[in-house]
**Student:** 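Structure incoming, see below.
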Amino acid sequence: MSQMRFTKMHGAGNDYVYVNLFEQSLPATPERLAPLVSDRHFGIGGDGLILITPSEVADARMRMFNADGSEAEMCGNGLRCVAKYVYDHGIAKKDKLDLETGAGVLSVALETDGNVAKRVTVNMGEPILDAAKIPTSFGATPVVNEKLTIGDREFEVTCVSMGNPHCVIFVDKADDDLVLKIGPQIEKATQFPARVNVEFIEIISRTEVRQRTWERGSGETLACGTGASAVCVAGVLTGKLDRKILNHLLGGDLELHWNEADNHVYMTGPAEEVFSGAWNIPQDLPKITDLA
Ligand SMILES: N[C@H](CCC[C@H](N)C(=O)O)C(=O)O
């Protein structure tokens with residue numbers, strides 16, 4: 001029985017199966033593997049699959065696949081965990097790393113305690129506010145307080161890309177009806193040709209919010225780092241929030257800062273390694289060559 005070695009990690013409860021491709025190759029395409037390993041009953045369990053690979057332009061590269069097998073341009077919680085893995089496992093023992101992502105090479109700073117990283121700050125780069133690049137069919141740029149009709153209900157949405165697309169909605173109560181019923185309908189709404197991640201935000205003050213997230217390709221997650229970054233930007237664009245906020249997500253807290261000086265968003269939060277293991281590769285899994 002051949003096996004694939006993996007490490008389970010999470011950032012504020014947003015958990016992924018991490019595979020170190022510095023030391024092994026994949027038994028099948030990641031699009032095929034992600035749904036299998038993400039399955040919380042028949043697989044390892046997680047919100048998706050994250051590959052840590054060598055990079056020609058950075059200390060390492062992250063490729064991120066949602067639980068449905070779709071690849072995303074960027075994953076904030078995932079990148080904090082990749083940074084921790086790269087540091088803790090000695091791939092690059094530096095407390096400042098450059099990591100290649102689908103949204104470009106991003107810089108991260110690690111707070112370490114001896115030999116392990118505890119908290120990580122990611123320079124997420126500039127938010128993308130051009131409707132076409134988010135991409136949405138809304139005409140306005142930036143997309144602020146647009147009306148989106150779902151069934152017989154109308155929502156006011158603000159759309160921001162952090163390399164991946166986000167639809168932010170400020171609500172009185174982010175309840176199950178909104179997150180679990182409206183969230184999936186917005187994810188697949190025709191206004192979002194690449195689908196979209198949806199953030200439902202309760203405002204506690206100008207510097208503090210509570211977030212629930214319906215993620216593209218993974219459903220509700222306990223946290224979404226790119227989403228929390230998009231919320232910070234949307235809060236400033238709508239005049240509801242200051243540029244520095246504390247975001248309470250179901251799985252933990254993230255600190256966000258949309259820095260006026262460089263127009264970059266900075267996200268700080270935890271990264272945890274839960275366990276490592278070996279996954280028994282199913283006999284009937286089509287080999288990568290079979291899929292060519
Ligand atoms: N579902 C997202 C990718 C993961 C983002 C999230 N988990 C984060 O921490 O940023 C997408 O398809 O764009």
Side-chain angles (χ1 to χ4, degrees), residues 8-18 30-31 34-35 37-38 45-52 61-85 99 101-104 106 108 119-125 127-128 133-136 159-168 179 183-184 186-189 192-201 211-234 247-256 258 265-272:
K8 191 74 196 310
M9 303 182 81
H10 75 86
N14 187 201
D15 63 327
Y16 291 98
V17 175
Y18 291 76
E31 291 81 1
V37 300
S38 303
D47 291 326
L49 167 68
I50 291 187
L51 309 179
I52 303 172
R61 178 186 177 200
M62 173 182 79
R63 287 187 71 191
M64 186 271 162
F65 296 82
N66 292 304
D68 70 354
S70 60
E71 182 168 11
E73 304 84 347
M74 181 43 196
C75 177
N77 291 317
L79 199 65
R80 293 200 315 277
C81 289
V82 167
K84 173 178 174 66
Y85 186 97
L99 296 173
T101 76
L106 300 180
V108 303
R119 282 171 65 75
V120 183
T121 295
V122 179
N123 177 345
M124 304 287 281
I128 298 163
K133 294 195 182 113
I134 290 179
T136 79
C159 298
V160 175
S161 170
M162 295 306 300
N164 61 344
H166 294 274
C167 176
V168 179
V179 178
I186 295 177
E187 176 196 357
K188 301 177 180 71
F192 303 104
R195 297 189 294 164
V196 75
N197 300 286
V198 193
E199 287 80 23
F200 297 94
I201 304 303
Q211 171 176 328
R212 283 184 71 179
T213 319
W214 179 269
E215 279 201 31
R216 174 179 67 169
S218 290
E220 180 170 24
T221 59
L222 298 187
C224 179
T226 50
S229 304
V231 165
C232 181
V233 174
N247 190 328
H248 302 291
L249 300 107
L250 295 182
D253 293 349
L254 295 178
E255 295 162 29
L256 294 307
W258 184 17
V265 179
Y266 293 83
M267 168 196 63
T268 301
E272 301 288 341

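Indexing begins at 1, ligand by ligand and atom by atom, following the structure's order. The analysis underlying the following values was restricted to heavy atoms, covering all of them including side chains, and did not include hydrogens, waters or symmetry mates. On a predicted model such as this, the values are computed, not experimentally measured, just so you know.
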**Student:** Look only at the side chain of E187 and the backbone of G217, and say whether a donor-acceptor pair between them is shorter than 3.5 Å.
**Tutor:** yes
**Student:** Can you list every protein residue that has a heavy atom under 4.0 Å from any atom of ligand 1, sorted by chain and residue number?
**Tutor:** N14, Y16, M64, N66, A72, M74, C75, G76, N77, N164, N197, E215, R216, C224, G225, T226
**Student:** For N123, what residues pass the side-chain hydrogen bond (donor to acceptor under 3.5 Å, both in side chains) criterion, not counting sequence neighbours?
**Tutor:** H264, Y266
**Student:** Hey, is the main chain of R216 close enough, under 3.5 Å, to the side chain of N197 for a donor-acceptor pair?
**Tutor:** yes
**Student:** Would you please say whether a donor-acceptor pair under 3.5 Å links the side chains of D47 and T221?
**Tutor:** no
**Student:** Apply side chain to side chain contact (heavy atoms under 4.5 Å, CB included) to L250 and list each qualifying residue two or more places apart in sequence or on a separate chain.
**Tutor:** R212, E220, L222
**Student:** Tell me, please, which residues at least two apart from T121 pass side-chain hydrogen bond (donor to acceptor under 3.5 Å, both in side chains).
**Tutor:** T268
